[in-house]
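These notes are about the structure you will find just below.
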Amino acid sequence: MTRKVTKAIFPVAGLGTRFLPATKSVPKEIMTLVDRPLIQYAIDEARAAGIKEFIFVTSRGKSALEDYFDHSPVLEQELEKAGKTALLETLKTTDMDSGAIAYIRQHKALGLGHAVWCARRLIGDEPFAVILPDDVIAADKPCLQQMTEAYAETGGNMVAAMEVAPEKASSYGMLDVGEDSGTTVKVQGMVEKPSAGESPSNLAVIGRYILTPDVLNDLDSMKSGAGGEIQLTDAIASQIDKQEGVFGYRFRGQRFDCGSKSGFLQATVAFGLARDDLRDDLAAYLREIVHIDKAAQ
Ligand code: UTP
């Protein structure tokens, strides 16, 4: 029997340099897809997967994130007085129970592996999830829920995986695939950001993980890896030869890289088109500009 996963780490201490100057004062995770900040999508996905404890690894300048999860009594009173019940309900979906959220500081952006390691004392001796909020996944069944269901069968460590074009492999942690049973693959090696032509497969790791607490022991002794950062990939890779092993999970859904400008724009369009209140206007506008663009060619 595998233990239920009830804790998730949200590493949000990165500098977000690709979104400067915005991220000079706005944390990347507060930037909005339509009308909800990236972090809300991540929290909703975690809740759907049964997560009860939410651990944020933050850094200087991220206080807007803490405020976002606080109650806002004045705003609530005003909406109530004005009879804006629908908005009030929307606002309440962002409420978090007292004690459900913990914030830990990463004092220096030493890498994703280091950020996860910073939360080690709150994890203790149980399996935990890691969610990178800048990977937003549109799916009928939320990605982490798909993974916790698969994990109940496999145990061990699990990473979300998706196929990428060979020329994109150098931007990801890439999997060396052993036994492949379709949705789940056994991982026999991992390479962070391989050089061109050196990727062992076209299966890339994206920002959802279910990890054993032993990964935190591996991170204890980690040195800097690719790009001079302490890489989570390296710590997960050191689990491959241990008893529990590492599995790649081919999730069903569309992933948007909202850490990049182009990915963020694509997600904005996709999530806008998925909304009943916006679809018609947005689709008409897109048709119009595509038409103008084609005519100009
Ligand atoms: P990224 O590689 O996207 O880095 O981090 P970044 O700083 O957020 O953005 P750019 O590249 O400068 O634009 C992936 C995830 O890991 C977290 C980030 O907050 C993001 O969620 N992270 C990264 C940390 O928490 N600490 C780190 O030291 C590095």
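None of these values were measured; they are calculated from a predicted model. Side-chain atoms are counted along with the backbone in the values below, which use heavy atoms only and exclude waters and symmetry mates. Counting convention: from 1, in listed order, for ligands and their atoms alike.
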Would atom 6 (P) of ligand 1 count as contacted, meaning some protein heavy atom under 4.0 Å?
yes
So, is L15 polar-close to ligand 1, with some N/O to N/O distance under 3.5 Å?
yes
Under 4.0 Å between a side-chain nitrogen and a carboxylate oxygen: does that hold for E29 and K62?
yes
Among non-hydrogen protein atoms, atom 24 (C) of ligand 1 lies closest to G14 N, 3.4 Å
Note: K28, heavy atoms under 4.0 Å from ligand 1, region reported as side chain
Here the gap from H114 atom NE2 to H107 atom NE2, rounded to the nearest 0.5 Å, amounts to 9.5 Å
Kindly give the cluster partners of V269, where membership spreads through any ILVMFWY side chain lying under 4.5 Å from a current member.
L273, L282, Y285, L286, I289
Is H114 close enough to touch ligand 1? Criterion: a residue heavy atom under 4.0 Å from a ligand atom.
no
With a 4.0 Å cut-off on heavy atoms, does G259 reach ligand 1?
no
Charged N-O contact under 4.0 Å between R250 and E163:
yes
Output yes when the distance from some N or O of ligand 1 to some N or O of L132 is under 3.5 Å, and no in every other case.
no
Quick test: of every protein heavy atom, which one is nearest to atom 28 (O) of ligand 1, and how far off is it to 0.1 Å?
G111 N, 2.8 Å
Starting from atom 12 (O) of ligand 1, what is the nearest protein heavy atom, named by residue and atom, and what distance separates them?
T17 OG1, 2.5 Å
For atom 21 (O) of ligand 1, which protein heavy atom lies nearest, and how many Å away is it?
P11 O, 2.7 Å
Minimum-distance protein heavy atom relative to atom 3 (O) of ligand 1
R18 NH2, 2.9 Å
Non-hydrogen side-chain atoms of M190 and I240 separated by less than 4.5 Å:
yes
Between K4 and E126, does any NZ, NE, NH1 or NH2 come within less than 4.0 Å of an OD or OE carboxylate oxygen?
no
Protein heavy-atom partner closest to atom 16 (O) of ligand 1 - residue, atom, separation in Å
L112 CD1, 3.6 Å
With a heavy-atom distance limit of 4.0 Å, tell me whether D134 approaches ligand 1 through its side chain, its backbone, both, or neither.
side chain
Between T23 (side chain) and T17 (backbone), is there a donor-acceptor pair under 3.5 Å?
no
Check this for me: does any side-chain nitrogen of one of D97 and K52 sit under 4.0 Å from a carboxylate oxygen of the other?
no
Are D140 and R252 ion-paired here, with the side-chain N under 4.0 Å from a carboxylate O?
no
Closest to atom 25 (O) of ligand 1 among protein heavy atoms sits A13 N, 2.9 Å
For atom 26 (N) of ligand 1, which protein heavy atom lies nearest, and how many Å away is it?
Q106 OE1, 2.7 Å
